[in-house]
Amino acid sequence: MVQPSGSSPDDTAPATAVPAPAAATPADTPVDTSAGSSAGDPTVAPSIPEPRTPDTARGSRPGDPVSGGWRRPLMRLHFYAGVLVAPFLLVSALTGLAYAFTPQLDRLVYADEFFVGEVGSTQRPLAEQINAALAAYPDGAFGSVHTGEAADRTTQVVLFEDALGDKQRTVYVDPYTAEVQGTLVTWWGSTPMTTWLDQLHINLHLGDTGLYYSEFAASWLWVVVLGGLVLWLARRRRRRGARALLPDLTARGRRRTLGWHGSLGVWLAAGLLILSATGLTWSTYAGEHFSDLKAAMNGERPNLDTSLPAAATAPAGAGHEGHGSSGSGEDTSGQESGTEAVDTVLAASREAGLDGPVDLSPPAEAGTAWSVAQTDNTWPVRGDKAAIDADGTVVHESRFSDWPLLAQLSFYGIMAHMGILFGLANQILLASLAIGLICLIVWGYRMWWQRRPTRADRARIVGAPPARGAWRHISKPALVVTVLVTAAIGWALPVLGVSLGIFILIDVLVGLARGRSRQQRETATA
């Protein structure tokens with residue numbers, strides 16, 4: 001929950017102060033942005049101030065879930081994370097919202113390529129469809145073929161061309177007539193529009209440099225969410241059950257904004273944490289550590305073994321090794337001989353239980369088999385694979401149900417993050433999370449503005465941050481544990497660790513500069 005409010009969650013003092021000629025009242029006393037004042041809270045009856053106990057001296061109250069001096073550090077961390085990280089989270093939410101509905105956008109923009117003009121009764125052989133694509137684009141080398149996801153969908157024939165680099169040419173063929181309907185330059189199955197929105201979300205089209213933006217946002221999201229969640233639950237400790245999950249509709253001003261901000265953050269917390277965790281699996285540095293962890297825990301996806309029992313087989317034809325071949329198409333019979341087994345392989349895969357849409361890839365080299373993979377990634381996932389010889393013999397299989405549990409969970413998380421796992425419901429959930437995060441950010445900045453001092457002698461555009469020195473209120477053993485845990489998190493999430501170190505360094509330098517300036521003023525007036 002992004003809360004750049006510059007005050008404690010319990011601070012309910014009015015934003016506008018009225019000066020008093022003598023004794024200061026709670027309304028005009030400078031607000032302690034970290035001590036957790038209850039001024040202006042109608043649930044707290046006025047009383048004679050009591051002596052400060054060790055707990056209250058640390059900015060907490062007896063029975064407060066955030067005890068032992070943790071309120072101030074959490075508040076300061078949440079504040080700075082909200083102010084400095086929220087712009088990155090806002091960009092990530094907006095680009096993610098745009099990406100969430102790419103399947104529908106693809107079907108609208110590329111309807112001519114995706115859908116057949118008329119659904120027939122019998123489909124042409126896959127080999128004939130592949131050869132039609134090769135005849136239309138003779139510079140391409142056959143890479144794979146993707147069967148239609150429904151009766152009205154075209155067959156996608158993927159061709160590799162040297163001029164396209166890491167992209168491919170996907171030719172869309174009518175399976176009933178074997179006529180080419182269109183072509184797109186795709187990136188491993190993604191259309192140009194989906195690829196553009198995907199790269200916008202991942203790196204803002206800034207290449208490797210832009211990857212730091214997405215990792216920065218994903219690394220800090222869980223810190224902001226957990227910090228805000230703890231602070232909100234601590235503030236709402238008096239409210240039990242569902243009341244703690246709802247805003248106080250009788251409140252006004254900053255307290256009303258805080259109520260909506262905190263309540264919505266609680267509702268979104270689980271989803272935002274999942275987005276943060278799954279997003280980090282793609283990141284540069286944290287993703288590498290996650291991959292190392294999966295390898296150490298035997299949680300990686302198993303690779304399909306495509307080697308044939310007998311090494312001596314027919315030539316591989318125009319397979320994946322064709323990335324660097326000419327594929328000139330001068331003699332199409334040679335290309336046909338490399339794809340003529342595709343229908344036999346497809347029939348064998350159906351007998352092996354690989355139903356639904358599948359990808360069929362030719363042998364990569366001599367002595368290897370065709371590989372067939374299910375591509376239905378919606379729940380329940382169909383992710384089985386099989387290595388099949390040209391004569392239709394299934395030589396190896398890889399069943400999704402046999403994957404290690406960690407590999408399955410990782411796959412589910414990625415598909416959910418992309419809005420694929422549960423179809424339209426998944427997309428709506430992602431859109432709701434993105435819109436909710438945008439609201440949290442806007443409300444957080446609004447609270448920061450609402451907390452601004454308005455007196456003429458100390459007016460500011462925004463509210464003051466929580467007081468420095470919050471760490472001094474933590475016991476030494478707890479501080480040591482905090483440093484060790486922070487170091488471990490910084491190692492696992494390097495971008496978070498480095499950025500947190502920079503924040504702390506800047507904060508310390510600013511504090512030293514202000515302290516020196518204060519001393520100079522006091523010396524000058526002495």
Side-chain angles (χ1 to χ4, degrees), residues 110 113-114 123-148 153-175 178-192 194-195 303-308 311-346 348-349 357-373 375 385-392 395:
Y110 305 113
E113 287 82 8
F114 282 10
Q123 295 190 0
R124 307 298 299 170
L126 273 183
E128 183 179 342
Q129 299 179 52
I130 296 171
N131 288 327
L134 290 169
Y137 298 94
D139 291 336
F142 174 55
S144 64
V145 59
H146 179 74
T147 61
R153 300 297 289 269
T154 56
T155 300
Q156 301 177 24
V157 181
V158 179
L159 306 179
F160 292 103
E161 297 180 11
D162 293 339
L164 297 180
D166 64 343
K167 292 183 172 61
Q168 304 82 41
R169 181 179 300 281
T170 298
V171 184
Y172 298 86
V173 181
D174 187 326
E179 295 180 355
V180 174
Q181 289 198 182
T183 181
L184 296 173
V185 175
T186 57
W187 187 66
W188 303 110
S190 296
T191 65
T194 295
T195 301
N303 293 320
L304 177 66
D305 183 4
T306 60
S307 61
L308 294 173
T313 58
H320 287 295
E321 63 181 0
H323 291 205
S325 63
S326 63
S328 62
E330 294 178 0
D331 184 2
T332 57
S333 63
Q335 293 172 325
E336 291 175 358
S337 66
T339 60
E340 60 185 5
V342 65
D343 292 287
T344 302
V345 172
L346 177 61
S349 69
V358 292
D359 264 326
L360 300 95
S361 301
E365 57 187 10
T368 60
W370 285 73
S371 61
V372 184
T375 59
K385 299 179 181 180
I388 303 176
D389 196 1
D391 62 2
V395 293

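As a basis for the values below, the full set of heavy atoms in this structure was taken, side chains included, without hydrogen atoms, waters or symmetry mates.
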Listed partners of Asp359 passing side chain to side chain donor-acceptor pair (under 3.5 Å), at least two apart: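 By the side chain to side chain donor-acceptor pair (under 3.5 Å) rule, Asp359 matches His146.
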For Thr170, side chain to side chain donor-acceptor pair (under 3.5 Å) partners two or more places apart: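 Only Thr186 meet the side chain to side chain donor-acceptor pair (under 3.5 Å) criterion with Thr170.
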If you round to the nearest 0.5 Å, how far is [atom2] of [Y] from [atom1] of [X]?
| X | Y | atom1 | atom2 | result |
| --- | --- | --- | --- | --- |
| Phe142 | Thr339 | CZ | OG1 | 6.5 Å |
| Ile130 | Leu360 | CD1 | CG | 7.5 Å |
| Thr154 | Glu179 | OG1 | CD | 13.0 Å |
| Phe160 | Ser144 | CZ | OG | 6.0 Å |

Identify, with sequence neighbours excluded, every residue that meets side-chain contact (heavy atoms from CB on, under 4.5 Å) alongside Thr194.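 Thr194: side-chain contact (heavy atoms from CB on, under 4.5 Å) contacts with Tyr99, Thr102, Asp106, Ser190, Thr191.
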Which residues satisfy the side-chain contact (heavy atoms from CB on, under 4.5 Å) test with Asp343, sequence neighbours excluded?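 Partners of Asp343 under the side-chain contact (heavy atoms from CB on, under 4.5 Å) test: Pro125, Leu126, Ala127.
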Are Leu134 and Asn131 side-chain neighbours, meaning at least one heavy-atom pair lies under 4.5 Å?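 They are in contact (side-chain heavy atoms under 4.5 Å apart), so the answer is yes.
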For Thr155 and Gln129, does a side-chain donor sit closer than 3.5 Å to a side-chain acceptor?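 Their side chains do contain a donor-acceptor pair, which is all the 3.5 Å distance test asks for.
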Sub-3.5 Å donor-acceptor pair from the side chain of Thr344 to the main-chain atoms of Gly392, do we have one?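 No: the side chain of Thr344 does not pair with the backbone of Gly392.
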Short side-chain to backbone donor-acceptor contact, Gln168 and Asp166, under 3.5 Å: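 Looks like yes, one N/O pair under 3.5 Å.
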Considering only residues two or more places apart or on different chains, which pairs with a residue in residues 124-135 satisfy salt bridge (Lys or Arg N to Asp or Glu O under 4.0 Å)?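 Sorted pair list: Arg124-Glu128.
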How would you list, by chain and number, every residue that makes a ring pair (Phe, Tyr, Trp, His ring centres under 6.0 Å) with Tyr110, sequence neighbours excluded?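 Not a single residue meets the ring pair (Phe, Tyr, Trp, His ring centres under 6.0 Å) criterion with Tyr110.
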